[in-house]
A.B. asks: 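Sharing a structure with you now.
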Amino acid sequence: MSNAATQKRAFSAVLWDYLTTVDHKKVGILYLMGGGFFFLLGGLEALIIRIQLIKPENDFITAGLYNEMITMHGTTMIFLAATPLLFGLMNYIMPLQIGARDVAFPFLNALGFWLFFSGGILLNCSWFLGGAPDAGWTAYAPLSIQSPGHGTDFYVMGLQLSGAGTLMSGINFLVTIVAMRAPGMTYMRMPLFTWTTFVTSVLTLFAFPALTVGLFLLMFDRMFGSAFFDVALGGNSVIWQHLFWIFGHPEVYILILPVFGVFSEVLPTFSKKRLFGYSAMVFATFLIAFLGFMVWAHHMFTVGLGPVANSIFAVATMAIAVPTGIKIFNWLFTMWGGSIVINSAMLWALAFIPSFTIGGMTGVMLGSNVADYQYHDSYFVVAHFHYVIVGGVVFGLFAACHYWWPKMFGRILHEGMGKLAFWTFFIGFHLTFFIQHFLGLMGMPRRYWVFLENQGLDTGNLISTIGAFFMTIGTIVFLINIVYTAVKGEKAPADPWDARTLEWTIPSPPPFYNFKQMPLVRGLDPLWIEKTEGNGKMTPAEPLDEIHMPNGSILPLIMTAGFFIASFGFIYQTDHKAWLIALYAGMAIAIGCMVIRSLKDDLGFHISKEELEREAD
Amino acid sequence: MTENTSTNKINSYQKEKNREEMRKQIITFALMIFFTMIAFFAVAMGISSMFVIPLILILAIVQVGFQFYYFMHMKDKGHEFPALLIFGGIWVTFLVGVTFVTIIWW
Ligand code: HEM
Ligand SMILES: [Cu+2]
């Protein structure tokens, strides 16, 4: 009985620890849990969409609910699942890869997570409060300014909150990488995952403000009577599309670049070879980011921008295929002649290459502005972006989970279940989306509630829905694997994969200060260098000494709660002015927290030398 | 601080560099005041605004450059990434501006 009591206390202690944490590893895990939760939610929505489309003229859900489903599926998957899952990985792994003890601004890091999470919760509150947003994940004006009810208001405020969180984390990663690398870790010795984290953060820094501006304009149009997008009052609705895609296209690279980094870690490790063409890979990453800002109008070819604008954006779009191709070939050459181990992480990586290449190829097809008049808003586009996002980003996330799970949680995911999950998901993925190319070419439009009988669309849609169930099974197997591993998984040593980079030089899971002594980095793949030329251990770059660590704080959570309350105030003050109280009260809480944070000195604490010596390696 | 000859040497080297740095700062500061004066006089003398507006804009850009490179030390080593980010930001903003002007508002 007393045992149960201590366990209970331990639970609330752990909970408090996570609510107040500023440790990049715990924030990373929070991001993974939050992102994972929304991934399941978005998956459920996808399943409902596919069930609705299983047969012609189905009425499993109503047309209105269908619109809410597709809107929330897209919004959830992009903003609340894929992005946070990647940011969680970057949070956890990147500081370990460069030999840092935390990110540059730990407080900001926690705040970023809570903002993202509260934004996601806010968005999903709409389900219970009169209906979710229903204007598509792109929320094109004028549909989005005319959409009745509060659904789209929740979209605006939810994304504003989570977007602010993402922007903060991006800035945090940038400063961390520029300022906190271990001795000897020059830029051109950084692992590719760190490089892609860096470039992703640059994209975040430049792209998210466009979304913020767009959302502000939409917010004022909907809540405060302005007319930025209202043509009747002299506004211009196309501006929303521009702002959205100035953000939106870089966002798809924010999603794909980190997983490019993941594969650039997984493939060399399991091929026992260094990454082929390291500097070309770095260069290609920058080139993709650079070009990624000059192509947004390829989402707007049919808007009527005119032939000159369309052609310029078409050429820029196709140019992106070049650096992407460089990467594909470098991965293939990395494996060439290596001694390849095929395990779950590697299976996801191997499956990624052809799947993503198909997506890139249809991308180039779509990038041809003349042809796009046929493809646009058809299922062909749906097939394209699922090939790049599922075949790229989701495969990458699974690979990363298998690869870094031992580091993050100290246990190795079960291989058998890993392979089972892979095969069911992989087969399901191609079943679902390959056929959609042809559905699109046969004229099936996207975002339609029903399709008619005997138009050659029946079988294709049935196959597609069956595939979705396969993917569901794969995901469930993966979840079971997580539970199984947590209970009786094999304990992981520090370096279970005989890997090459710094994160594998410290225990699994790492102590909260990461590195007892800063390692001295002697080249690219520092651990591998020590394995082949040294004694397999990193040489410390400093004598054992006190470590300075930041204190935890509950302020990020309270500040976020303030913004959360204020958001409700913003949304409902259009109905009744009394809601302005919520607005002001929420803002007062948030600003109060900021004032406290600014005025109260928090110098952190030191871990003494004796304590460090007592800890065994 | 303990004094010995080698730190003395470093100190005198550092002093020399500091003096050099100070001179540059003062020169840029003087130049910036000079540019500002030109701008004021150009307006005060009532020259055609066709000429004055571009002139002031150019002077402004040069001053921003001075600000970044001299006062905020972007000319020094170790500022490559801030420079990259600033120029990246300018580039993105420029692209957006050009597109909006040409294909939306023109
Ligand atoms: C070679 C690279 C790529 C090219 C040339 C390309 C091209 C295009 C084009 C032209 C469209 C617009 C089609 C239309 O609406 O008519 C499009 C849509 C889309 N692409 Fe790509 N793409 C590429 C890579 C990617 C990647 C890597 C991702 C994400 C990780 C991605 C995600 C998307 C999404 C989400 C949409 C649909 C947005 C919507 O309308 O809802 N693309 N792509
Ligand atoms: Cu795009």
Side-chain angles (χ1 to χ4, degrees), chain A residues 170-171 173-179 181 186-188 190 195 198-199 201-210 213-214 228-229 234-243 245-247 249-250 286 289-297 300-301 303-313 316, chain B residues 1-7 9-11 13-14 17-18 20-22 24-25 28 53 57-58 60-106:
Chain A
I171 295 172
F173 294 151
L174 283 177
V175 181
T176 308
I177 295 175
V178 170
R181 284 163 291 127
T186 58
Y187 283 115
M188 289 312 273
M190 293 194 317
W195 263 120
F198 183 84
V199 177
S201 305
V202 175
L203 287 178
T204 309
L205 177 62
F206 291 155
F208 268 78
V213 170
F228 294 109
F229 304 129
N236 186 335
S237 53
V238 177
I239 292 178
W240 166 266
Q241 293 192 28
H242 278 289
L243 287 173
W245 288 118
I246 288 169
F247 149 78
H249 188 83
F286 271 97
F290 179 73
L291 292 172
F293 270 102
M294 306 197 277
V295 300
W296 75 85
M300 304 166 60
F301 281 150
V303 166
L305 305 176
V308 177
N310 272 4
S311 313
I312 293 173
F313 280 102
Chain B
M1 216 195 275
T2 48
E3 298 283 320
N4 62 35
T5 38
S6 78
T7 49
K9 235 182 231 153
I10 290 172
N11 279 348
Y13 172 73
Q14 191 61 41
K17 279 199 70 167
N18 285 350
E20 182 78 357
E21 182 69 32
M22 197 61 196
K24 279 187 192 153
Q25 298 258 354
T28 22
I53 291 176
L57 285 178
I58 290 172
I61 292 171
V62 175
Q63 292 214 21
V64 169
F66 275 163
Q67 179 78 27
F68 277 150
Y69 276 87
Y70 285 90
F71 296 155
M72 294 170 75
H73 296 281
M74 248 169 71
K75 67 179 183 351
D76 298 346
K77 260 234 229 18
H79 290 65
E80 295 81 8
F81 269 110
L84 179 82
L85 290 179
I86 289 170
F87 285 115
I90 291 173
W91 172 241
V92 172
T93 323
F94 172 76
L95 270 184
V96 171
V98 166
T99 330
F100 273 43
V101 169
T102 51
I103 64 182
I104 305 183
W105 291 318
W106 205 315

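So you know, we letter chains A, B, ... as the sequences are listed, proteins then strands, and number each from 1.
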A.B. asks: Which distance, rounded to the nearest 0.5 Å, do you find between the CZ of B/Phe100 and the CG of A/Asn236?
C.D. replies: 9.0 Å
A.B. asks: Checking B/Ile103 against chain A: side chain, backbone, both or neither under 4.5 Å from a heavy atom?
C.D. replies: side chain
A.B. asks: For a side-chain contact (heavy atoms from CB on, under 4.5 Å) check, start with the C-alpha distance between A/Leu174 and B/Leu85, then their side-chain angles and the critical distance, and finish with the verdict.
C.D. replies: CA-CA 10 Å; A/Leu174 283 177; B/Leu85 290 179; 4.1 Å; yes
A.B. asks: Any non-hydrogen side-chain atom of B/Thr99 less than 4.5 Å from a side-chain atom of A/Trp296?
C.D. replies: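 Side chain of B/Thr99 against side chain of A/Trp296, heavy atoms only: contact under 4.5 Å found.
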A.B. asks: Counting heavy atoms not belonging to B/Met72, are there more than 12 under 6.0 Å from its CE?
C.D. replies: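 Atom CE in B/Met72 is not crowded, with 12 or fewer foreign heavy atoms closer than 6.0 Å.
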A.B. asks: Check whether B/Thr102 gets within reach of chain A through its side chain, its backbone, both or neither, counting any heavy atom under 4.5 Å.
C.D. replies: neither
A.B. asks: Calculate, to the nearest 0.5 Å, the distance between atoms CZ and CH2 belonging to A/Phe293 and B/Trp91 respectively.
C.D. replies: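 Here the interatomic distance stands at 12.0 Å.
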A.B. asks: Flag the one option from A/Ile239, A/Leu243, A/Val238 with the top tally of heavy-atom pairs under 4.5 Å to chain B.
C.D. replies: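 Greatest number of close heavy-atom pairs with chain B: A/Ile239.
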